[in-house]
Number of protein chains: 2
Amino acid sequence: MGDKRTSSGFLLKQRAFLKLYMITMTEQDRLYGLKLLDALRDEFRPFGYKPNHSEVYKALHDLIEDGVLQQVKRKKEGMKLQEVVYYRFPDGGYEKAQLYKRQLKVELERCESMIKKAIRDNYGYVESATNP
Amino acid sequence: MGDKRTSSGFLLKQRAFLKLYMITMTEQDRLYGLKLLDALRDEFRPFGYKPNHSEVYKALHDLIEDGVLQQVKRKKEGMKLQEVVYYRFPDGGYEKAQLYKRQLKVELERCESMIKKAIRDNYGYVESATNP
DNA sequence: CGATGAACAGCATGTTCATCC
DNA sequence: GGATGAACATGCTGTTCATCG
């Protein structure tokens with residue numbers, strides 16, 4: 001309630017997309033902000049998607065507000081003794097993360113369906129399972 | 001050049017999506033604005049996507065500016081003699097439309113790939129080709 | 001009330017600036 | 001220069017208002 005504005009329900013927003021990746025990346029390697037960004041840029045370079053640092057930070061801050069992530073300031077390994085911000089799940093955060101991931105899965109599949117439909121509708125494809 | 005702002009290259013925008021549908025719908029049935037909207041809403045209801053009338057009009061106006069569509073004001077069939085705006089391709093418009101469609105196909109496939117990748121990356125799916 | 005538009009408003013996101021090491 | 005943030009600017013898009021028949 002209290003929403004001033006409703007979404008028309010088109011494709012998912014970049015922010016949500018990034019939050020999902022932040023969670024999964026936290027489950028796997030422990031990384032800090034800019035490294036997460038680098039990793040994502042590498043992954044999506046072939047797709048022409050190049051997120052900027054602000055969006056990544058905002059996604060991380062969102063997750064902190066949601067109680068999904070927690071900051072851990074540590075010295076960067078080797079090099080100079082610069083402090084960087086790593087992330088981990090606080091108490092109950094992992095469960096919230098899994099819930100979020102479940103929701104995003106539904107959302108991603110919805111988007112995939114919509115895009116497939118658009119390809120079908122506009123280019124007359126009929127997903128042949130028996131193509132030579 | 002002259003772009004004040006660059007896209008990070010995330011998913012395609014609703015406007016482009018609608019423009020594509022407007023073109024295809026113009027190739028098929030001749031419809032006017034609000035009927036196009038109704039048709040789209042019907043099609044995408046199962047997906048929870050409900051475009052609003054402004055976006056549809058803006059998409060149509062964009063296509064007119066692009067020289068892809070042309071307005072044809074006609075009396076609405078039956079009923080009262082209210083004038084509605086139908087659309088057709090002006091000279092050279094059909095070719096421009098086909099070009100746009102070709103571009104959007106690439107874009108839609110790019111988005112599909114990104115979404116599939118996200119599902120793989122975050123849920124560890126491996127597209128089984130042998131599912132019952 | 002249906003249809004078409006345009007003005008307006010709010011939110012998503014890209015760019016720039018500030019601070020610290 | 002790398003890293004983190006916040007402020008600022010722009011643009012996409014949803015809501016509202018105006019006009020016409």
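Letters A, B, ... are given to chains in the order of the sequence lines, protein chains preceding strands, and every chain is numbered from 1.
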Applying side-chain hydrogen bond (donor to acceptor under 3.5 Å, both in side chains) to Y57(B) and not counting sequence neighbours gives none
Picking from dT13(C), dG14(D), dA3(D), the nucleotide nearest the side-chain atoms of E55(A) would be dT13(C)
Any residue of residues 57-72 of chain B with a heavy atom less than 4.0 Å from an atom of DNA chain D: K58(B)
For residues 87-100 of chain A, pull every pair meeting salt bridge (charged side-chain N to carboxylate O under 4.0 Å, His left out), keeping only residues two or more places apart or in separate chains. none
Could you tell me whether the phosphate oxygens of dT4(C), OP1 or OP2, come under 4.0 Å of any side-chain nitrogen or oxygen in Y32(B)? no
Five pairs per end, C1' atoms only: what is the angle between the end axes of the helix from dC1(C)-dG21(D) to dC21(C)-dG1(D), to 10 degrees? 30°
Establish, with yes or no, whether the OP1 or OP2 oxygen of dT15(D) is under 4.0 angstrom from a side-chain nitrogen or oxygen of T6(A). yes
Qualifying residues under side-chain hydrogen bond (donor to acceptor under 3.5 Å, both in side chains), relative to D42(B), sequence neighbours excluded: R45(B)
Among dT15(D), dA3(C), dT16(C), the one nearest K35(B) by side-chain distance: dA3(C)
Side-chain contact check for Q14(A): nearest option of dG2(C), dT13(C), dA3(D) is dT13(C)
Protein-nucleic acid N or O pairs under 3.5 Å, nucleotides 9-11 of chain D:
residue : atom : partner : partner atom : Å
dT10(D) : O4'  : R5(B)   : NH1          : 3.4
dT10(D) : O2   : R5(B)   : NH1          : 2.3

If you assign N52(B) and D38(A) each to the DNA chain D nucleotide with the nearest heavy atom, which residue ends up on the more 5' nucleotide? D38(A)
